[in-house]
Amino acid sequence: MTLLAGWNMPANAAQVYGFLLLQSEPASLDEMAKELEISKSNACKAAKLLETAGHIRRVGERGSKRVLYVAREDFGTPFLLRTASLGALNRLMETRGAKLADPEAVRRIEELASFYGTMQSAMEQIITADTERADKTI
């Protein structure tokens with residue numbers, strides 16, 4: 001749990017995510033709350049946060065309104081937004097950095113833009129490979 005706090009994941013969300021990663025079948029909010037000894041309300045909030053971030057997904061149960069959750073098989077999905085942010089930072093640095101008067105500052109900004117571009121490219125390659133792996137397991 002503590003490891004995920006650095007990614008701004010609340011403790012209950014980290015618990016729910018860890019629980020779902022260890023399950024071989026989809027789990028309900030009631031099951032999560034019982035097993036993790038948290039309230040159903042906290043389990044629901046955690047599940048919504050994790051679903052929005054792309055860590056888990058809902059699955060329906062035929063003939064039931066009950067919502068079940070599973071950990072996503074494509075682990076790169078939560079990083080898509082961060083990858084897009086790197087691209088935006090790269091473009092911003094490239095377009096605005098050249099307008100600086102100080103040549104040393106321009107050099108630093110260009111190097112930072114290059115770093116962000118390299119990070120974006122590397123992350124996209126990793127996410128693509130992971131998505132292909134996940135597609136094979138589904």
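One is the number of the first residue; the rest follow in order along the sequence. On a predicted model such as this, the values are computed, not experimentally measured, just so you know.
- No donor-acceptor distance shorter than 3.5 angstrom exists from the side chain of D74 to the backbone of A134, with no hydrogens or angles considered.
- Remark: side-chain polar atoms of T52 are paired, donor with acceptor, to backbone N or O of K48 under 3.5 angstrom.
- Residue P26 forms a side chain to side chain contact (heavy atoms under 4.5 Å, CB included) with just one option from L68, L20, V67, and that option is L68.
- In this structure, R107 pairs ionically with E104, as a charged nitrogen and a carboxylate oxygen lie closer than 4.0 Å.
- By the salt bridge (charged side-chain N to carboxylate O under 4.0 Å, His left out) test, K40 is found to be paired with D30, residues two or more places apart in sequence or in another chain being considered.
- Of the inter-residue distances, the one linking Q23 atom CD with M32 atom CE reads 9.0 Å to the nearest 0.5 angstrom.
- Both F75 and V16 are part of a single hydrophobic cluster, where members link through side-chain heavy atoms under 4.5 Å apart.
- Distance check: T131 OG1 to R72 CZ gives 8.5 Å after rounding to the nearest 0.5 Å.
- Hydrophobic clustering, with ILVMFWY side chains joined whenever heavy atoms are under 4.5 angstrom apart, keeps L92 apart from I109.
- Side-chain heavy atoms closer than 4.5 Å link hydrophobic residues (I, L, V, M, F, W, Y) into clusters, and following such links, even through other members, never connects I126 to M123.
- Residues that satisfy the salt bridge (charged side-chain N to carboxylate O under 4.0 Å, His left out) test with R58, not counting sequence neighbours, are E51.
- S121 places no side-chain N or O within donor-acceptor distance of the main-chain N or O of G117, the cut-off being under 3.5 Å.
- Closest of all the heavy-atom pairs between M93 and L112 is CE-CD2, 3.4 Å.
- Annotation: the span from R96 atom CZ to E94 atom CD amounts to 13.0 Å, rounded to 0.5 Å.
- Residues A27 and E31 approach most closely at CA-OE1, 3.0 Å, considering heavy atoms.
- Hydrophobic clustering, with ILVMFWY side chains joined whenever heavy atoms are under 4.5 angstrom apart, groups L89 together with V106.
- Screening Y17, F19, F79 against H55 for a ring-ring contact (aromatic ring centres under 6.0 Å, His included) leaves a single residue, Y17.
- Judged by distance alone, with hydrogens and angles left aside, the side-chain atoms of R133 form a donor-acceptor pair with the main-chain N or O of E73 at under 3.5 Å.
- Atom-to-atom distance recorded for S39:OG and N12:CG is 7.0 Å, nearest 0.5 angstrom.
- Of all non-hydrogen atoms in I38 and Q15, the two that sit nearest each other are CG2-OE1, 3.8 Å.
- N42 contributes atom CG, which lies 11.0 Å from atom CG of L29 (distance to the nearest 0.5 angstrom).
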